[in-house]
Amino acid sequence: MLSDDALRTTIDAWERFAAGAESVRGVRPEILMSWYRCREEYAVDPELDRAPPAAEVGAHSMDHDVVYTELGGQAASAVRELGGVEGVVTVTDGDGRILGTWGSSNYVLTLAAESNLAPWSTWSEWASGTNGMGTALESHRPVLVRGPEHWCRGFQGWVCAGVAVRDAVTHDPLAVLNISSWQASLSDAVLPWLGKVAATTEAKLRQRAHLSGTQLGAALTDFRAAPATAVAAVDLAGNVVLANSEAAVLLGTPADQPAYSPTHRWTPQLSTLPRLVRRAVERARKDPSWTGSTLVFVPFLGVTIPVSVHPVFTGTQLIGVLLAFGASDDTTAIDAPEAEPAASGWPSSVPTRVVAQRDDRWVLLDPREIRFAEADHNTVWLTTDQGRLVATTRGLDRLEQQLEDKGFLRVHRRFLVNLGRVREVEQGFKGALFLATDARTRETIPVARRHATQLKQALGL
């Protein structure tokens with residue numbers, strides 16, 4: 001638990017922030033950012049004392065089932081592994097819905113059930129505020145939420161630690177393993193143990209993804225196409241596993257160099273490709289016999305070319321698609337992913353690039369790949385079609401200047417949004433506005449009231 005001084009500081013900060021203060025001191029940055037999401041984006045009632053019931057969601061893949069089983073086994077043995085934790089261990093799916101709960105005693109299980117810390121309830125941040133499970137879904141590392149760091153007052157008697165297991169290809173969360181203790185601190189060994197469990201599970205997913213990469217490469221080799229057709233094998237995130245020499249010119253990737261490992265796959269220089277693949281994946285999962293076609297604009301050539309899309313399955317699992325450029329079969333059309341001609345003002349000879357970093361690699365982003373940017377002090381996080389990346393540009397003001405003529409608008413002191421990626425404008429409490437992007441998962445950006453008029457003008461509202 002927190003020390004008495006830290007406890008009082010956190011309680012005071014929570015009370016001021018819940019009352020509407022813009023900034024508070026004495027709270028860890030990751031907790032403060034979570035509070036901000038809960039208050040401004042999700043409008044979670046801070047007086048909530050029970051998590052809401054879980055809703056039905058669509059079908060999930062075999063990978064999900066494997067991860068759930070793996071984490072269930074780890075949860076069942078957590079008390080023994082951690083030297084006698086008094087509390088509950090939970091496993092959730094990627095939407096924060098609890099699938100299973102294990103407790104050190106019937107008393108603590110009954111106590112947990114009073115807050116719906118039990119199966120058939122939802123603990124995502126948007127449903128239940130800052131907590132070990134929901135906040136882990138928003139993070140790429142283990143998180144600890146102590147007492148009054150919970151956004152909802154009714155959960156502040158708990159200390160929670162959680163970690164998300166993420167898909168090796170898309171980096172979407174598949175599940176969360178969480179440990180919660182009632183009015184008692186957790187061992188210092190908890191966070192490292194959670195990190196180890198997630199790393200071990202994700203290593204198995206990477207091995208599986210490597211196999212899928214080899215299968216995509218084999219599918220490309222077996223693909224029948226006319227001579228000199230540009231063909232590429234692309235994974236579910238829109239990254240290139242293998243491209244022949246003709247396709248490599250269009251995609252800006254090496255030719256005939258397989259990248260089977262998910263951590264080594266090539267990032268294409270076609271900004272519309274991830275969205276095209278995402279739409280194709282949605283169609284193929286509904287109809288495994290589906291194939292499609294569309295047009296894509298290649299900015300550095302200044303031309304629009306047709307492309308046919310062929311889903312690749314292993315058994316019933318979709319592992320990627322084959323793209324044949326210059327070929328438009330008699331197939332179902334895919335909505336064009338908003339490809340723009342060169343005359344739109346996007347330079348075709350030397351495209352503008354925003355430089356970001358992923359691990360030890362530089363990623364060159366077309367501005368249209370960026371949905372929004374979020375400032376954490378001088379660090380700028382980019383939410384993009386390539387995942388969540390750190391910009392090399394320091395400070396949101398400098399990035400705003402860099403993108404001022406690329407359709408971006410500052411909507412909040414911490415958020416810069418690509419207006420071309422805004423799908424909906426939502427109205428919140430007391431006239432507050434939130435922007436929903438065209439991402440596959442729930443993704444909203446708060447609009448400060450002083451920016452609302454400018455935003456409405458920019459969107460023609």
Side-chain angles (χ1 to χ4, degrees), residues 17 22-25 27-42 125 130 135-141 143 164 166 170-173 237-239 267 269 271 274-275 346 351-423 433-439 441-448 450-452 454-455 458:
F17 196 84
E22 276 295 315
S23 62
V24 292
R25 296 183 179 275
V27 181
R28 291 182 291 145
E30 60 267 34
I31 296 298
L32 187 57
M33 291 180 68
S34 176
W35 286 0
Y36 189 91
R37 290 191 296 266
C38 296
R39 187 184 73 179
E40 301 293 336
E41 295 183 53
Y42 305 143
E125 273 194 350
T130 307
T135 305
L137 290 170
E138 306 277 352
S139 175
H140 286 260
R141 59 186 180 185
V143 299
R166 295 182 175 273
T170 65
H171 304 295
D172 293 333
N239 295 316
T267 301
Q269 297 305 304
S271 63
R275 278 178 284 163
W346 296 87
T352 299
R353 291 286 185 261
V354 175
V355 182
Q357 192 169 8
R358 176 188 286 133
D359 299 325
D360 58 349
R361 293 187 291 164
W362 303 109
V363 180
L364 303 181
L365 296 166
D366 186 306
R368 288 172 291 187
E369 294 181 86
I370 303 170
R371 298 193 292 278
F372 65 91
E374 180 179 358
D376 180 8
H377 301 290
N378 282 330
T379 300
V380 178
W381 288 93
L382 304 176
T383 299
T384 80
D385 295 334
Q386 310 300 329
R388 196 163 186 259
L389 308 172
V390 177
T392 57
T393 301
R394 299 288 291 174
L396 196 60
D397 291 342
R398 293 180 61 185
L399 183 64
E400 181 182 13
Q401 294 173 3
Q402 183 180 348
L403 297 174
E404 61 183 356
D405 61 344
K406 299 295 184 291
F408 284 75
L409 182 68
R410 187 76 166 264
V411 297
H412 189 279
R413 61 185 177 83
R414 289 181 45 239
F415 291 94
L416 180 69
V417 67
N418 183 348
L419 295 178
R421 304 298 299 273
V422 173
R423 180 60 55 84
L433 295 180
F434 301 91
L435 304 179
T437 70
D438 58 7
T441 57
R442 178 185 175 89
E443 190 174 79
T444 57
I445 303 104
V447 179
R450 65 188 183 93
H451 292 286
Q454 184 183 8
L455 172 71

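Counting begins at 1 with the first residue of the sequence.
Note that CZ of Phe415 is 5.0 Å distant from CD of Glu41, once rounded to the nearest 0.5 Å. The distance from atom CG of Leu399 to atom CD1 of Ile370, rounded to the nearest 0.5 Å, is 6.5 Å. Here the CG-CG distance, from Leu435 to Leu419, works out to 8.0 Å after rounding to the nearest 0.5 Å. Here the OH atom belonging to Tyr36 is positioned 6.0 Å from the CZ atom belonging to Arg414, to the nearest 0.5 angstrom. Note that CD of Glu369 and CD of Gln269 are 7.0 Å apart. Values are rounded to the nearest 0.5 Å. Taking CD from Glu125 and CG from Leu137, the interatomic distance works out to 8.0 Å, rounded to the nearest 0.5 Å.
Aromatic ring pairs are classed by plane angle as parallel below 30°, tilted from 30° to 60° and perpendicular above 60°; the pair Trp35 and Phe17 is tilted.
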From CA spacing to verdict: side-chain contact (heavy atoms from CB on, under 4.5 Å), Leu416, Leu409: CA-CA 6 Å; Leu416 180 69; Leu409 182 68; 5.7 Å; no
Audit row: Glu138, Met33, side-chain contact (heavy atoms from CB on, under 4.5 Å) steps and yes/no: CA-CA 10 Å; Glu138 306 277 352; Met33 291 180 68; over 6 Å; no
Worked verdict on Tyr42 versus Arg37 for side-chain contact (heavy atoms from CB on, under 4.5 Å): CA-CA 6 Å; Tyr42 305 143; Arg37 290 191 296 266; 3.9 Å; yes
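Taking every heavy atom of both residues into account, Ala373 and Leu382 meet most closely at CB-CD2, 3.7 Å. The two residues Arg368 and Arg275 come nearest to each other via the heavy atoms O-NH2, 4.1 Å. Here the closest non-hydrogen pair linking Ala164 and Pro173 is CB-CB, 4.5 Å. Across all non-hydrogen atoms, the minimal contact from Val27 to Leu32 is CG1-N, 3.9 Å. Looking at every heavy atom in both residues, Val143 comes nearest to Ala136 through CG2-N, 3.7 Å.
Counting heavy atoms from C-beta on, the side chains of Asn239 and Thr267 come closer than 4.5 Å.
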Return a table of donor-acceptor pairs under 3.5 angstrom between the side chains of residues 390-398 and protein atoms on other chains or two or more places apart.
| from | atom 1 | to | atom 2 | distance (Å) |
| --- | --- | --- | --- | --- |
| Thr392 | OG1 | Val355 | O | 3.0 |
| Thr393 | OG1 | Gln402 | OE1 | 3.3 |
| Arg394 | NH1 | Thr379 | OG1 | 3.3 |
| Asp397 | OD1 | Arg410 | NH1 | 2.9 |
| Asp397 | OD1 | Arg410 | NH2 | 3.3 |

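Scored by the ring-ring contact (aromatic ring centres under 6.0 Å, His included) test, His451 finds no partners at all (sequence neighbours excluded).
A donor-acceptor pair under 3.5 Å is absent between the side-chain atoms of Arg423 and the main chain of Asp438, judged by distance alone. Judged by distance alone, with hydrogens and angles left aside, the side-chain atoms of Arg371 form no donor-acceptor pair with the main-chain N or O of Asn418 at under 3.5 Å.
Among Asp385, Thr437, Thr383, the single residue meeting the side-chain hydrogen bond (donor to acceptor under 3.5 Å, both in side chains) criterion with Arg421 is Asp385. Put simply, the residue from Val363, Asp366, Val354, Leu389 that forms a side-chain contact (heavy atoms from CB on, under 4.5 Å) with Thr384 is Leu389.
By the neighbour-count criterion of 12 heavy atoms within 6.0 Å, atom CZ of Arg141 is sparsely surrounded, having that number or fewer from other residues, nucleotides or ligands.
At a cut-off of 3.5 Å, with distance as the only test, no side-chain donor of Glu30 or Thr135 sits close to an acceptor on the other residue.
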